Amino acid sequence: MKTVETSNEYYTDEQLLSVMADLFGAGTETSATTIEWAFVYLMNDMDVQIKMRQEIDDIVGNGRLPTMSDKHKLPYCEAVVIETFRLGNVVPFSLPHNVSEDIYFKGFIIPKNAVIMPCLDSVAHDENLFPDSHSFKPDRFLDKNGKIYGQDKILSFSLGRRVCLGESLARMEVFLYLTALVQRFEILPPEGESPPPVKGQLGVTYSPDSFKLRAISRT
Ligand code: HEM
């Protein structure tokens, strides 16, 4: 590995490998699981899936894939993605944080060196922010003119100095992946079966129970 001559600071090969492993680990399971949740929601609410596809057909057509420059013209699709981040909330306990000094908060002392695990689900399911919070409702992120609104209320990527480093990449990946699939395929449960339950389990991430789907090509 080449080091920067003018600085005493550099990564060893070992450090570089571990940073790459961190990025790979943090960046694959999270986005993939979010997309799995989107499939579960879209199979459970065909109206949402049809509305999304209609918007893509109207704006992008079927001659090319959606791109990031289409995003501002596809507010309903964007609202579906934001609502998936909120309700899927794949890292509900964020990451453990170490307290660097005693903190006094609402009558409690959180002592130096304590480990805290923020509960991001408490925001995702705050009924004041998101009424009927356990339902999948992309419209909650659209204002009366159909423009995106209120997406800063979701904390699925946490916040502050250690906010998810991959947030913008994840937003891009999930948007492009989902819009491309919905453009090209109808996402349905297996023939004669009901949609999978909107039920998950907490492991490395909060992920849906395993399920099958049919992707019917539209071309
Ligand atoms: C749906 C996708 C994703 C979600 C919901 C998500 C969520 C989170 C959350 C909640 C944290 C903890 C932040 C904290 O400690 O307060 C985090 C940290 C992190 N994420 Fe993501 N993430 C996603 C995708 C990605 C991607 C695509 C990458 C990189 C390619 C990535 C890289 C990281 C890294 C490096 C950290 C640690 C940041 C630090 O400690 O300074 N994440 N993520």
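Values below: all heavy atoms of this structure, side chains included; hydrogens, waters and symmetry mates excluded. We're numbering straight along the sequence, starting at 1. Remember, it's 1-based here, ligands and their atoms both numbered in the order they're listed. Note that the coordinates shown come from a computational prediction; the quantities given were computed from them, not determined experimentally.
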Got more than 12 heavy atoms from elsewhere within 6.0 Å of CD, Glu101?
no
Which of the protein's N, O or S atoms come within less than 2.8 Å of atom 21 (Fe) of ligand 1, not counting waters?
Cys164 SG
Atom 30 (C) of ligand 1: which protein heavy atom is closest, and how many Å away?
Leu169 CD2, 3.7 Å
I'd like to know if Leu120 contacts ligand 1, where contact means a heavy-atom distance under 4.0 Å to any ligand atom.
yes
Checking the N or O distance criterion of under 3.5 Å, is ligand 1 in contact with Ser156?
no
Tyr177, OH: over 12 other non-hydrogen atoms inside 6.0 angstrom
no
Hey, does the side chain of Gln183 reach the backbone of Arg53 with a donor-acceptor pair shorter than 3.5 angstrom?
no
Considering heavy atoms of the protein only, find what lies nearest to atom 16 (O) of ligand 1 and give residue, atom and distance to 0.1 Å.
Ser158 OG, 2.6 Å
Contact check, Asp22 vs ligand 1, heavy-atom distance below 4.0 Å:
no
Is any side-chain N of the basic residue among Arg218 and Glu186 closer than 4.0 Å to the acidic one's carboxylate O?
no
Going by side chain to side chain donor-acceptor pair (under 3.5 Å), Asn89 matches just one of Asp121, Thr34, Thr84. Which one?
Asp121
Which of the atoms of ligand 1 are close to Val90, meaning less than 4.0 Å from one of its heavy atoms?
5 (C)
For His97, take its heavy atoms, then give the atoms of ligand 1 lying under 4.0 Å from any of them.
14 (C), 15 (O), 16 (O)
Is the backbone N or O of Ile82 less than 3.5 Å from a side-chain atom of Gln151, with the two atoms forming a donor-acceptor pair by type?
no
Is a donor on one side and an acceptor on the other found under 3.5 Å between the side chain of Glu55 and the backbone of Tyr76?
yes
Can you report which non-hydrogen protein atom sits closest to atom 39 (C) of ligand 1, along with the distance?
Arg162 NE, 3.3 Å
Can you tell whether the side chains of Arg140 and Glu83 come within less than 4.0 Å, N to carboxylate O?
yes
Where the side chain of Ser217 meets the backbone of Thr219, is there a donor-acceptor pair that is under 3.5 Å apart?
yes
Could you tell me if any non-hydrogen atom of Phe24 lies under 4.0 Å from any atom of ligand 1?
no
Taking Ser31 for its side chain and Thr28 for its backbone only, find out whether a donor-acceptor pair lies under 3.5 Å.
no
Identify, by atom number and element, the atoms of ligand 1 in contact range of Thr34, meaning under 4.0 Å from any of its heavy atoms.
1 (C)
Pairs of nitrogen or oxygen atoms closer than 3.5 Å, one from Ser31 and one from ligand 1: do any exist?
no
Parallel, tilted or perpendicular, as decided by the 30° and 60° cut-offs, for the rings of Phe130 and Phe141
tilted
I want to know if ligand 1 touches Ser94 in the polar sense, i.e. an N/O pair below 3.5 angstrom.
yes
Assess whether atom CZ of Arg162 is packed by more than 12 heavy atoms of other residues, nucleotides or ligands within 6.0 Å.
no
Nearest protein heavy atom with distance in Å, relative to atom 37 (C) of ligand 1
Leu95 CD1, 4.2 Å
